[in-house]
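Note sheet for the following structure.
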Amino acid sequence: MRTRKFTLSEQEIPDKWYNIIADMPNKPLPPLHPGTKEPIGPDALAPLFPMALIEQEVSGEKWIDIPDEVRNIYSIWRPTPLYRAYGLEKALDTPAKIYYKYEGVSPSGSHKPNTAVAQAYYNKQEGVKRIATETGAGQWGSALSFACNHFGIECEVFMVKISYEQKPYRKLMMNTWGAQVHSSPTNLTEAGKKILAQDPNSPGSLGIAISEAIERAASDPDTKYSLGSVLNHVKLHQTIIGQEAIKQMELAGDFPDIVIAPFGGGSNFAGLAFPFLRFNLEEGKNIRCIASEPSSCPKLTRGVFRYDFGDTVGMTPLLPMYTLGHNFVPAPIHAGGLRYHGAGVIVSQLLKDKFIEACSHDNLEVFEAGVLFAKAEGIIPAPEANHGIATAIKEANICKEEGHSKTILFNLCGHGNFDMKAYQDYFEGKLVRHEITSEEIQNSLAELDTPEIA
Ligand SMILES: *Cc1c(COP(=O)(O)O)cnc(C)c1O
């Protein structure tokens with residue numbers, strides 16, 4: 001019998017995270033204070049994050065130890081399996097060999113607990129009693145609820161109102177793990193009250209929910225804030241994905257030519273790709289790493305590289321990144337996790353320096369890819385994950401046209417079992433092709449008054 005699934009033992013869960021900053025020829029530029037536009041130091045973040053995470057955020061150390069207690073919790077679902085996609089290869093009739101790393105086996109169903117557990121651990125170490133956060137579609141809120149529950153930390157989630165109403169099961173997952181979930185905007189914060197005064201029926205937005213969670217953390221010494229993507233320490237924690245995948249590709253007797261992952265803020269892409277990029281940076285290997293984004297929110301393929309805010313309201317430091325402008329409001333596509341205006345700082349610098357590539361796919365194309373995958377491989381992917389599948393299919397089709405074989409590895413970063421409404425809309429023909437115009441992008445970027453990067 002041929003081997004389809006490549007598995008590692010619990011003892012093989014990596015014991016270090018890989019910090020790619022140590023290997024980057026051009027280090028990321030510093031964050032700037034939103035008022036003075038001067039570089040800010042790590043202590044500016046102290047009201048929001050525990051010191052251990054701030055140290056990781058600015059660390060230049062190449063390898064950072066994973067605490068034993070974190071590895072013990074990882075072992076509930078890690079190492080995650082790596083599959084050879086025989087079914088998909090057959091369906092595409094391609095000479096390419098396709099593999100995927102499956103992160104949907106975690107308790108909340110995506111890669112996000114990899115960082116949620118680490119973040120909850122360091123908060124616990126520093127005596128933090130409560131963590132406030134925002135969630136859009138609910139993946140991050142449920143991952144953090146699971147992690148906080150484990151360490152006996154209270155978790156307060158500001159969930160965008162429209163998702164709160166449309167995704168009751170994600171909210172109930174958070175409740176099951178003991179989290180308190182608010183429909184944002186709320187009357188609990190000044191930011192929320194201000195929005196409600198303007199529009200009592202506001203559907204909410206991720207930007208508003210972030211403002212509420214940050215305000216909560218900044219105004220209570222026992223409460224910290226936590227973010228599920230974008231930041232350096234979040235990407236760092238996700239690098240266990242790629243490290244496991246390297247060992248599993250060895251088991252398969254193979255090695256990828258192309259590594260692909262969907263892209264929201266960059267954490268699952270970083271998680272799979274950075275450990276492979278190390279071979280390019282250290283040994284001059286030439287593995288192509290491709291970030292896959294929605295064509296309705298194309299910051300990597302059509303945005304600009306400059307300083308911008310991480311949130312909509314403008315409360316965060318200014319970060320050097322590929323952005324569509326912090327006021328950019330993406331179309332309400334179902335891949336909620338990819339509807340973010342900017343990109344993480346490290347990934348942005350790597351793209352600028354041409355160490356990685358990016359591509360975009362339309363909403364309809366990704367659901368076509370997701371349904372094809374579900375039929376061929378069995379697993380129903382998260383709408384975000386469908387973007388990586390669409391890129392893998394595109395590359396496999398190129399192999400077929402050109403008559404050569406390549407080894408393709410992609411990150412199946414989550415399952416779609418709580419996203420069936422998105423599939424329903426697709427089946428009922430309610431999803432439309434959506435391409436934003438250059439004018440819309442220009443208009444959004446024209447509102448940026450932040451420093452250009454030379
Ligand atoms: C949050 C999320 C993403 C996007 O976030 P990244 O930080 O870019 O990984 C992608 N897929 C799933 C399933 C998610 O939950």
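Note that ligands are numbered from 1 as they come in the structure, with each ligand's atoms numbered from 1 the same way. The figures here come from the full heavy-atom set of this structure, side chains too, leaving out hydrogens, waters and symmetry mates.
Ligand 1 lies less than 4.0 angstrom from a heavy atom belonging to Gly265.
Using a 4.0 Å cut-off between charged side-chain N and carboxylate O, Arg288 and Glu357 make a salt bridge. Under a 4.0 Å N-O distance rule, the pair Arg78/Glu103 qualifies as a salt bridge. A salt bridge links Lys62 with Glu282: at least one charged nitrogen is closer than 4.0 Å to a carboxylate oxygen.
Given atom 4 (C) of ligand 1, the protein heavy atom at minimum distance is Gly337 O, 3.3 Å. In terms of protein heavy atoms, atom 7 (O) of ligand 1 is closest to Ser229 OG, 2.4 Å. When only non-hydrogen protein atoms are considered, atom 10 (C) of ligand 1 lies nearest to Glu384 CB, 3.5 Å. Atom 9 (O) of ligand 1 has Asn268 ND2, 2.7 Å as its closest protein atom, hydrogens excluded (heavy atom only).
Judged by a 6.0 Å distance limit and a 45° cone about the ring axis, Lys224 is not positioned over the six-membered ring of Tyr122.
Counting heavy atoms closer than 4.0 Å to ligand 1, residue Phe263 contributes backbone atoms (N, CA, C, O) but none from C-beta onward. Under 4.0 angstrom from ligand 1, there are no non-hydrogen atoms of Val234.
Where the criterion is an N or O separation shorter than 3.5 Å, residue side chain and backbone included, Gly414 fails it with respect to ligand 1. Between Gly264 and ligand 1, at least one N/O pair is under 3.5 Å apart.
Near Ser267, meaning under 4.0 Å from one of its heavy atoms, ligand 1 places the atoms 6 (P), 7 (O), 8 (O), 9 (O). Set against the non-hydrogen atoms of Cys413, the atoms of ligand 1 under 4.0 Å away are 10 (C), 11 (N), 12 (C), 13 (C).
Using a 30° and 60° split on the angle between ring planes, Phe274 and Phe269 fall in the perpendicular class, above 60°. Ring geometry for Tyr83 versus Tyr100: interplanar angle under 30°, hence parallel rather than tilted (30 to 60°).
Put simply, the residue from Asp23, Ile246, Thr239 that forms a side chain to side chain contact (heavy atoms under 4.5 Å, CB included) with Arg278 is Asp23.
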For residues 369-376, which side-chain N or O atoms pair as donor and acceptor with protein atoms under 3.5 Å away, sequence neighbours left out?
none

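Within the set His111, Lys112, His387, His415, the minimum heavy-atom distance to atom 2 (C) of ligand 1 is found for Lys112.
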